[in-house]
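As the structure is a computational prediction, the values presented were derived from the model and not from experiment. All chains are named by letter (A, B, ...) in the order of the sequence lines, taking the proteins before the strands, and each is independently numbered beginning at 1.
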Amino acid sequence: MRTSVVLWTLILWASSASVAAPGNAFYNAEIGNQVENLTLDKLTGGRQPFLGDADANVFLFFRPDQENSRAVLKQMTALALKLGDKRVAWVAVVSDAYAKEAVAAAVAEAGLTMPVLIDKGDALYGKLGVVLHPVIGIADKQHKLVAYEPFHKIDYAVIVEARIKRLLGLISDAELAAALNPPQAVDGGDKVVAKRHLKMAEMLFAAKSYDKALEFAAKSLAHDPEAAGAHGLVALILATRGDCAGAKPAIDAALKLDAKEARALAAKEMCAKAK
Amino acid sequence: MNMSRASSLAPSMFLLGLAAAAGAAPAAPAKNAAPAKAASAADKPAKPKANAGVKPTRRAPLAPLPPGPDVAWSHAPFEVGQCNICHKSGDPKAPGPVVDNSNDMCFTCHEEIKEALAGRKFQHDAIDAGCTACHNPHNSRYKKLLTDPAPQLCYECHSDIEKVATTSKVRHGAITKERACLACHNPHAANVEHLLIQLPYDLCVGCHSTNDLADDNGKKLMNIKQLLTDNEVKHGPIAQKDCSACHQTHGSANFRLLVQAYPEKFYSPYDPANYALCYRCHNDQIMANATTTTLTKFRDGDRSLHYLHVHKEDRGRTCRACHEVHASHKPHQIRDAVPFGSGGWMLPLNFKQTATGGQCEKTCHNTKTYANKK
């Protein structure tokens, strides 16, 4: 028993050691780690720590010569504006390997309003183990790393927004999960088609077009045999036409599925009076 | 729309429809009748538009098509001759105007579309032009009463996509298949940008999960689902279900629909242009500096081994020489083996990651160990 526990521990340790973090976090800073708050030069002059004292501190590493970075600068400018009333601090970080003019041009093109910090000698890049551009990290008020999001071509702003909102307690874990893996958007299906045929049957019944109403109610039931409403409508149509014998199975079927099905109850009452 | 196959539409029904259409737009010839106005404000919450740059300008004909064997689909109220479901009068010869000239009238029966528009994150701009921008409210040659089949219908507004899809050197087979655009996009509303039905990966493996799929030239395409099932270390975009990060799904100038250039060869002199695809996310500076203590962990002390591998005049290793692009068993998607000679031999790399670096066993070179912290 003891041997197997030791063996499993070794296997787990080996597997975790062999698959180091890329994709889930910065190379040198995992989710939950405390992040050292380096002070960097600002593009516009002066210096500031790259993490603020807001409830959510968002830092974006970018390259001015890269299409994805430029697109993300625009997206995050819009997102910062959208979340303007929230306690969020934003900075964009760029390597000093790029000419200030090139950085300024990319910043102007994006209409970026957040501070741009210059990472001299890629010190912060190396400390965190950044590797990818663009990439966004989010730290909490205590500067603990809570999210790492490398570039996504699809839904990047949606995901970053959800990460920030989760940190701020504005959305639940389930809502965050839905943003990260959105539900499929598929229309139609048997129940939907059944409901539509039932609507049509209802309108035809209202227009006293009973044969056609029955036809569409039957179509509805073909798609959803468990639709109490469709059974109820069949019952009501037949009862209205005085066919209480024909209505009986439909009344029973409807009330078996839903004891309070109004049209089946109406048909039942109609037939009881007719006796 | 409530549709059913109309096996035989009576000529009288066609006349009825014509009259109905004329009644719907009495001030204009039926063929050029104005589409229904936009959905009411109450039903149109402020939502991100799927493609804010595209103006829905389409004006589809509202009149019924003349009956014929190819006019196989009809709207249920039209089929049963109940004009007054949509029009003010039930008289087929003079049905008068529609009851409500907005999408709301359609939503009376098509509740699921209203729910989708209200409940999903992104909405198709075309909805603002009215359901009738894409659907004929009477009958059609095409499923869902579309006025034209996809992709032609979609191209009427999305001409930029048409250009890419029809003129690119490498084209995506999915666009020419039956469902075309609708295989990946929901035309009403969706929870993913660009009205994608699901995240890209979930859509892609819908087709790329068989062994018999081939490209335009007949070359077999990889069973991606199988590959990813068999290999646990996945490239970041794949782990994020973001195939679009590397593949342009409508059409591309690059092989395998890649967004930008990627070397097909094992050896190549170093040229950043060859790696444009990788540098969309990865840092080109990794390859630009012979020494670094920050840019890459693939270094021995401060000697960049990335730089060392790619900067060789005739036998510079391309990314693919060491990395699998989709997934592998090794960290950093290092390949299990490299090809050798023309006989299809594969020599194992036996890469091992250590706490401070790693090791490649004798294959391309003698066993070498590196440590980025000494």
Ranking A/Q66, A/E215, A/H152 by heavy-atom pairs under 4.5 Å to chain B gives rank one to A/H152
The interface call for B/T108 against chain A, heavy-atom contacts under 4.5 Å, is backbone
For residues 121-130 of chain A against chain B, heavy atoms under 4.5 Å, the residues are A/G121, A/D122, A/Y125, A/G126
Quick check on B/K297: does its NZ atom have over 12 non-hydrogen neighbours (other residues, nucleotides or ligands) under 6.0 Å away? yes
> Checking A/Q184 side chain against B/N191 main chain: does a donor-acceptor pair fall under 3.5 Å?
Replying inline: no
Ranked by heavy-atom pairs below 4.5 Å to chain A, first place among B/A245, B/C246, B/S244, B/P237 goes to B/S244
When the 4.5 angstrom heavy-atom criterion is applied to A/V186 and chain B, the contacting part is both
Bottom line for A/V131: the part with an atom under 4.5 Å from chain B's heavy atoms is both
Applying a strict 4.5 Å limit to non-hydrogen atoms, the region of B/L199 in contact with chain A is side chain
Item to complete: Would you indicate whether the side-chain heavy atoms of A/L132 and B/N283 approach each other to under 4.5 Å?
Response: no
Counting C-beta onward and ignoring hydrogens, is there a side-chain heavy-atom pair between A/P150 and B/Q240 closer than 4.5 Å? yes
Q) Any side-chain heavy atom of A/Y156 sitting closer than 4.5 Å to one from B/D242? A) no
Determine, step by step, whether B/C243 and A/K153 satisfy the side-chain contact (heavy atoms from CB on, under 4.5 Å) criterion, reporting the C-alpha distance in whole Å, the side-chain angles of both residues, the deciding distance to 0.1 Å, and the verdict. CA-CA 8 Å; B/C243 308; A/K153 178 75 178 171; over 6 Å; no
query: Under 3.5 Å, is there a donor-acceptor pair between the side chain of B/E193 and the main chain of A/I154?
result: no
Cut-off 4.5 Å, heavy atoms of chain A, and the answer for B/A190 is both
Check step by step if side-chain contact (heavy atoms from CB on, under 4.5 Å) holds for B/Q198 and A/N181. CA-CA 8 Å; B/Q198 288 175 281; A/N181 205 356; over 6 Å; no
Requested in this report: Report yes or no: does A/R63 contribute a side-chain atom to a donor-acceptor pair with the main-chain N or O of B/Y279 at less than 3.5 Å?
Outcome: yes
Comparing A/L204, A/V192, A/D187 against chain B, the one with the most heavy-atom pairs below 4.5 Å turns out to be A/D187
TODO: Keeping the roles fixed (side chain from A/D155, backbone from B/V192), state whether a donor-acceptor pair exists under 3.5 Å.
DONE: no
Turns out that what part of B/H188 lies under 4.5 Å from chain A's heavy atoms comes down to side chain
Turns out that what part of A/S209 lies under 4.5 Å from chain B's heavy atoms comes down to side chain
**Message:** Atom NZ of residue position A/K86 - does it have more than 12 heavy atoms of other residues, nucleotides or ligands inside 6.0 Å?
**Reply:** yes
Turns out that what part of B/P200 lies under 4.5 Å from chain A's heavy atoms comes down to side chain
- State, with a plain yes or no, whether a side-chain heavy atom of B/C109 is found less than 4.5 Å away from one of A/M203. yes
Whatever's closer than 4.5 Å to a heavy atom in chain B on A/L180 counts as backbone
Cut-off 4.5 Å, heavy atoms of chain B, and the answer for A/N28 is side chain
Interface check, chain A: of B/D284, B/I286, B/L196, most non-hydrogen pairs under 4.5 Å belong to B/D284
So, the part of A/F61 with a heavy atom under 4.5 Å from chain B: the answer is neither
With B/E112 as partner, the option from A/K199, A/K191, A/R196 fulfilling salt bridge (charged side-chain N to carboxylate O under 4.0 Å, His left out) is A/R196
Honestly, the part of B/D202 sitting under 4.5 Å from a heavy atom of chain A is side chain
When the 4.5 angstrom heavy-atom criterion is applied to B/K352 and chain A, the contacting part is neither
The interface call for B/A189 against chain A, heavy-atom contacts under 4.5 Å, is backbone
